[in-house]
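First up is the structure itself, then whatever we jot down about it.
In this text, all values refer to a predicted model and were calculated from it rather than measured experimentally. The residues of the chain are indexed from 1 along the displayed sequence. Reckoned from all heavy atoms, side chains included, excluding hydrogens, waters and symmetry mates.
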Amino acid sequence: MPGIGPKTAQRLALHILKRPDAEVQALAQALIEAKQRVGLCQVCFHLSAEPVCEICRNPNRDNTIICVVADSRDVIAIEKTREYRGKYHVLGGVISPMEGIGPEQLYIQALVRRVSQQQIKEVIIAISPSVEGETTTLYVGQLLKPFTKVTRIAFGLPMGGDLELADEVTLARALEGRRELE
């Protein structure tokens, strides 16, 4: 599984083998039920056990701002900040010709329809700055510019990071994304 190395996998396997059969069956059943019940929101394509996710149903969220992300992990990360109060659109990945993923395999056309048919003031693109992420950001940005303001999140140095250890691209982005002290 992603993010689990061999040592952790071994510890998990040994732990499960030590548990009573009833606990292991309950875990297996919970995984099966989660897989069967969780799908994609019909509006934003975030993971949801309902046809429309909790964020899209929330009347207190700003309907005029959409944050575009690659996948649901990004929604979860942004939500943890408790700073963003708009809606989301999950693309389902990034454009990656090397992996055979083109714009057609992503939820880009659904985003264009959504933005063109609603009163959207701003689309914030929050996609990681890889080669594929940059390609996706530029592609999506060009498609949406005729309909609304398109911005992207700033990139830079993490808290506690050392300037001398940062690569040139990160430092350049940090300089580009600078803002006036308040």
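Note: H89 and F45 have perpendicular aromatic rings, judged against thresholds of 30 and 60 degrees for the angle between ring planes.
Using a 4.5 Å cut-off on side-chain heavy atoms (C-beta onward), L91 and V68 make contact. I120 places none of its side-chain heavy atoms less than 4.5 Å from the side chain of I65. Put simply, the side chain of I78 reaches to within 4.5 Å of the side chain of C67, judged on heavy atoms. C53 is listed as a side-chain neighbour of C44, based on a closest heavy-atom distance under 4.5 Å. Side-chain contact between L27 and E23: absent, with no pair of heavy atoms (C-beta onward) separated by less than 4.5 Å. Side-chain atoms of F147 and V112, non-hydrogen and from C-beta on, do get closer than 4.5 Å to each other. Residues K149 and V123 have side chains not in contact (no heavy-atom distance under 4.5 Å, counting atoms from C-beta outward). For the pair L40 and Y107, the minimum side-chain heavy-atom distance is below 4.5 Å.
Remark: Q10 CD is loosely packed, at most 12 non-hydrogen atoms of other residues, nucleotides or ligands lying under 6.0 Å away. By the 6.0 Å contact criterion, CG on D21 is open, its count of non-hydrogen atoms from other residues, nucleotides or ligands being 12 or less. The environment of R57 atom CZ is dense: over 12 non-hydrogen atoms of other residues, nucleotides or ligands sit within 6.0 angstrom. Crowding of Q119 atom CD: a count of heavy atoms from other residues, nucleotides or ligands under 6.0 Å not exceeding 12.
Heavy atoms only, all atoms of each residue included: D62 and T64 are closest at OD1-OG1, 2.6 Å. Smallest separation of non-hydrogen atoms from R114 and Y88: NH1-O, 2.7 Å. Closest approach of E132 to I95, counting heavy atoms only: CB-O, 3.2 Å. I16 approaches V24 most closely through the heavy-atom pair O-CG2, 3.4 Å. The two atoms that bring C41 and V52 nearest to each other are SG-CA, 3.8 Å, heavy atoms only. Scanning all heavy atoms of the two residues, the minimum distance from I101 to V94 falls at CG2-O, 3.3 Å.
For the atom pair CD1 of I127 and OG1 of T137, the computed distance is 4.0 Å after rounding to the nearest 0.5 Å. Atom CG of L171 and atom CZ of F155 lie 15.0 Å apart (nearest 0.5 Å). How far CG of N60 is from CD1 of I55: 13.0 Å, rounded to the nearest 0.5 Å.
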### Query
Can you list the steps and then say if L12 with H15 is a side-chain contact (heavy atoms from CB on, under 4.5 Å)?
CA-CA 5 Å; L12 290 170; H15 176 77; 5.6 Å; no
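Side-chain atoms of D74 come within 3.5 Å of backbone atoms of A70 as a donor-acceptor pair (strictly under, hydrogens ignored). Judged by distance alone, with hydrogens and angles left aside, the side-chain atoms of Q105 form a donor-acceptor pair with the main-chain N or O of G102 at under 3.5 Å. A donor-acceptor pair under 3.5 Å is absent between the side-chain atoms of K87 and the main chain of I66, judged by distance alone. The backbone N or O of S130 lies less than 3.5 Å from no partner atom in the side chain of S128, so there is not a single donor-acceptor pair.
Hydrophobic clustering keeps V90 apart from L111 (ILVMFWY residues linked when any side-chain heavy atoms are closer than 4.5 Å, directly or through intermediates). Transitive grouping of hydrophobic side chains (ILVMFWY, heavy atoms separated by less than 4.5 Å) keeps L106 and I124 in distinct clusters.
The existence of a salt bridge linking E122 and R152 is excluded, since no basic side-chain nitrogen approaches an acidic carboxylate oxygen closer than 4.0 Å.
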